[in-house]
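Here the structure is laid out as structure tokens; the discussion comes afterwards.
As the structure is a prediction and not an experimental result, all values here were calculated from the model. Chain identifiers are assigned alphabetically (A, B, ...) following the order of the sequence lines, protein sequences preceding nucleic acid strands; residue numbering begins at 1 within each chain.
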Amino acid sequence: MPETAETSHLIVRNLLTAAWLLPLAAFIAQVYAVECWSNRLSRASGLLGCAAIGGSLVLSLLAVAFFPSGSGSAHTADDGSNHAAVDAEHEAHPSATPAALAGRYYTLARFGDSRLELGWYVDSLTLVLFVVIGLIASCVHVFSLGYLDDERTEDYRDEHAHAGDEQPVSRAGRFHLFFAYLSLFCFSMFGLVLAGNLLQVFAFWELVGFCSYLLIGFYRERPSAVRAANKAILVNRVGDFGFLIGLAVLWTSVGTLQFATEVDSKGVTASGLFEQVRGDGQLELSDDSKSVVLQRHLEAGDEPAPTRPTIAYTLFVLAGLGIVAGSIGKSAQFPLQTWLPDAMEGPTPVSALVHSATMVAAGVYLVARCYPLLAPEVLLVVAYVGAATLFIGATIALTATELKQVLAFSTISQLGYMMLALGVGGWGAGVFHLSTHAFFKSLLFLSAGSVILACHHEQRLDRLGGLRHRLPWTAAAMLIGTLAVTGVGIPNPWAPGYSLALSGFHSKDMVLASALAFVRLNPLHSLLYLVPLAGAGITAVYMFRLWLKVFVGRPADQHVFEHAKESPPVVLIPLAVLAFFSVFSAVGGESSWLYRGLVTSEPAFVAASSTSSAIWPITHPGHEEIHAAHGAAGLMVWLVAMAGAGIAIWIFGYQPFSADELRATFPRLRQFLLDRWRFDALYDLAVVQPVLRISRQAIAIDRTVIDPLLHGASRLLVQLAGWGRRIDELLVDGAVVGIGAWTWRSGERLRRLQSGQLRQYVLWLGLSVVVLFGVVTWMRPG
Amino acid sequence: MDGVGLEAYLIVGAILFGCGFACLLVKRNAIAILMGVELLLNGANLNFLAFARFTSLGLDGQVIGLFVIVLAAAEAAVALAIALNFYNNHLSIDVDSAKELKD
Amino acid sequence: MTITQILFGVFAGLACVSAIAVVLVDNVVRMAFWLVMALGAMAGLFLLLHADFLAASQLLIYAGGTVVILIFGVMLTATGPFASLKSSAGQTVPGLSVSGLLIAMLVSTIAAVPWTGLGKAVGRSPASLDQGVMRQGDLAAAMADSDETREAVMAVTDNWQNRVEVGRSTAPLGLALMGLRPDRDLIAGNKPSTLSPGYLLPFEIISIHLLVVLVAAGYLARAKRPRATEEVHIVTAGSSVTPKEHRIDAATSESADG
């Protein structure tokens, strides 16, 4: 039924486009129209934002419903005019048919056969992310209505920003501005996910980065917030630079940035990146293994060209590394992870939405989306980066002293898990963890926000404690988040998918299973399993430490404790919604609805085990191997997590040691972790200080050399101009004025001749005749 | 020789012309100046006729003389009208008072 | 001394004396009288120059027309002081001396020019011109070279040529104004294709010109003295402002009152 298929394509496209553009409309209204019908005291801007993102959520859900699921229906649209269905796994694996819809809105530019387009690409990953972003963003919007309620004033006193004399800075509230930024961010994020080609991805990539910058620096009176915003955007530049290089390599070598193969209305096929690089699932190497053969689509009857286009393998790896570099920057992976903890300067809802659930996940999304473009060596890099990141993040989180800092490092760590999963070939596990993590991490952040709100922006762990009596609902929500992120639960050995455990348990299981399967096939890389396993234990320790320090024990600060009170329903309802999804989103594990939906988008070559031998011989596990490793990995990670939880409960719950004793145990290690592995110091020493030194020198050169030169030049110019002026005044003006004055004087003299007496004129006439005649006669020759 | 030569006529014409010119210079009355103009024209006219008589100009000289007379009449009429108008406006016939354009 | 010389002396002397008198007399009416005398003498000189029609025109138009117009002008304007306006010596002396210089210059020039070379087309000497009558034989010998045509040519050319020469110029003048030049075209040897131009077009132009002048003179000279009455009105109003300003003042004062 091609008509049905095409209709569903149109419906999906229109629904998602509407969902994408709705926040933009809200943004425009909030920025430009809000002055007309609203003011700082009004909730209108926030309600508008909530309505827009809620609408987007509904539209996304509708799109899910209309998405042509199941096998066979998707690629019948190949003969549709403008819509091309990409089906990378045509005949090879008919059992699981990943379907993707793609098309273009508009062609931006055309260079010969190459085109830059405004396109769209929808597969189940896109849809899941749409729903997840829509859901979390809706919750965050509603939460923000409560959290930023005190911004609805003309005179907001910011206790954390001082105007020189220890007085809190007083400023106008920015309620409407906050929601405008959020709307812009949602639009950008949707655009990033929906984008049909890498250039579009890059554009929205930068746009979410810019929104992140705006939101981190939301409290722009605080120097720390400004510094954090600058740091975020500057560190991201490093990664984006790599991303740009990757784009350039792909554009040059492959000639397109389009994901999907497209058939235009004339029936001409423009092969997308995925088809060109991995036409039938695997990279096709040239005979000497030094280049990758590109697979352009051939029309029926076309003879294959004798020499097919290729891309050098090193260039191919470089392109992959470039894309991964972008991901590393955006997802705060090692070694560019330092910006994310500082980004917690932004309002807590922002941390929940932008810096845990969605934007930082964009890096993982990019790796997942560009998975076919990544060589095995690049994936190995991704895996090691992920492992390093998760370990660094987890260890730093152990000693972090502020509520949101712990969560930030936890985010870094969890993102490391996702990267690791993708790197070891567990595509499904990576994006699965991405989805579940989005739920429980935003839950955690919103709970933290609720705590912060209740405690009047007090978030130092040593000032909190015992708050479960004051904030029972928040405590429960945060406990759910903690259980989810740690993976603690009661496993069901017979049906692991239906254990008494939360979403994080399932997704982390899958990550570890992928890693274990990979390690089994590549024993050389055993670290890639051991590190995440250890990380799982550390995660349990720091998360339970956090929860126990905040909600259990004696209140450290009676003042804070006395004034803490449970947040209003507008804050608690989003917590409940997110808690629900944190608990149930992954029920069923491998057979859960979410995972099965996601896996339909998995690139075809992932399903089966594959060995590549271009530079290093690496074997990636297939579904079979991962499934086989699932039991063992699950058991091990459960044990480690339970152990970590036990340690945490013992140390921080029963408190056998005093806080000072704990601090004195490993002072050097503790200081090392408090300094965040001294990355900031390293970068300061290696990058910031040299840059500053160079700029100081540049300033000095400017001051001593260039400025005098310029001043001299300008002084010379002034001199010259003075001379020119004098010449003008003397010669040019003099000539003109002189001629004028001479004419005037002559006229004055001649005027005296004009007596006005007719007879005198006649007299002159006669006299001149006589004189003339006399002259002529006198001068007559002869 | 018994006839009167060309020079004699020309001299008479010159005297008339000079007297007309003197009228222009000396008289203040506009009408008197008009009379001077008539004298001027007559002196010139005499020259035309003299040349018509004594040179190959022939009848052409006489035709031109006729035209001069006619035009002199026309000129007298218009100039007199102008003089009357001037008199009407300035209540004077003195040409020395006609110097508005100068001021 | 021939009768021609006597007549010339009389007329020329009269003309010159009268012209000088015009210059020297101060009273306008007397000037007009002397002008009439000078113009009449000029008519006599015209007759001596064999221009009979022009002499008549001179008397008719000048003495009878133009001078009458002038005298009318004198009568209309010669109210009291304007009858005899005297010029100052500072104006008279330079004027008279320049005029004298002019006359001297003209006379000396006339005397200096050798007038002998300006004979008629037939090439006769001024001496023979003085005769006033053409010798027919000479003319025929100069113009016709065949015996057959001699008689006919002579009959016509003699006739017309002689008319101009002997002072019967009315008919040739009339024909010239009509565009015909028998005095030239009927000379033997002239081909019909090279007819001399007449004065028909100038004549017509002069006619129109005269008409226009008549209308213009009538228009200019018609009686209107609005300026004088206006001045009187202003004086009687007892105010130095013009009537228009006066009106504006009145309007503003009214509005101020209201």
Smallest separation among heavy atoms of [X] and [Y], with atom names:
| X | Y | result |
| --- | --- | --- |
| C/Ala51 | B/Leu49 | CB-CD2, 4.0 Å |
| C/Cys16 | B/Val12 | SG-CG1, 4.2 Å |
| B/Cys19 | C/Val23 | O-CG2, 3.1 Å |
| C/Ile110 | B/Ala14 | CD1-CB, 4.1 Å |
| C/Thr66 | B/Ala76 | CG2-CB, 3.4 Å |
| B/Ala73 | C/Ile61 | CB-CG2, 3.7 Å |

Option that, when pairs with chain C are counted at under 4.5 Å, heavy atom only, ranks first among B/Phe67, B/Phe21, B/Phe17: B/Phe67

Selection from B/Ile31, B/Leu84, B/Val70 maximising heavy-atom pairs under 4.5 Å formed with chain C: B/Ile31

Quick check on [X] against chain C: is it the side chain, the backbone, both or neither that has a heavy atom closer than 4.5 Å?
| X | result |
| --- | --- |
| B/Ala72 | both |
| B/Leu24 | neither |
| B/Ile15 | both |

Relative to chain B, which segment of [X] carries a heavy atom at a distance below 4.5 Å: side chain, backbone, both, or neither?
| X | result |
| --- | --- |
| C/Val25 | backbone |
| C/Ala15 | both |
| C/Leu102 | side chain |
| C/Ile206 | side chain |
| C/Leu177 | side chain |
| C/Leu35 | side chain |
| C/Leu96 | both |
| C/Ala32 | both |
| C/Ile3 | neither |

Rounded to the nearest 0.5 Å, what's the gap from [atom1] on [X] to [atom2] on [Y]? Could you check?
| X | Y | atom1 | atom2 | result |
| --- | --- | --- | --- | --- |
| C/Ser169 | B/Arg53 | OG | CZ | 11.5 Å |
| C/Phe11 | B/Tyr9 | CZ | OH | 10.0 Å |
| C/Met31 | B/Asn29 | CE | CG | 7.0 Å |
| B/Ile64 | C/Leu54 | CD1 | CG | 11.0 Å |
| B/Leu39 | C/Leu39 | CG | CG | 6.5 Å |
| B/Asn45 | C/Tyr62 | CG | OH | 6.5 Å |

Side chains of C/Gln58 and B/Asn42, heavy atoms from C-beta outward: is any pair under 4.5 Å? yes

Is the closest side-chain heavy-atom distance between C/Arg181 and B/Val63 below 4.5 Å? no

If we check side-chain contact (heavy atoms from CB on, under 4.5 Å) with B/Lys27, which of these qualifies: C/Asp26, C/Thr92, C/Val28? C/Asp26

In this structure, which one of B/Leu66, B/Asp60, B/Leu59 forms a side-chain contact (heavy atoms from CB on, under 4.5 Å) with C/Tyr199? B/Asp60

Largest heavy-atom contact set with chain B, pairs under 4.5 Å, which of C/Phe203, C/Phe72, C/Phe8: C/Phe8

Output the option from C/Leu101, C/Leu210, C/Leu24, C/Val212 having the highest count of non-hydrogen pairs under 4.5 Å with chain B. C/Leu210

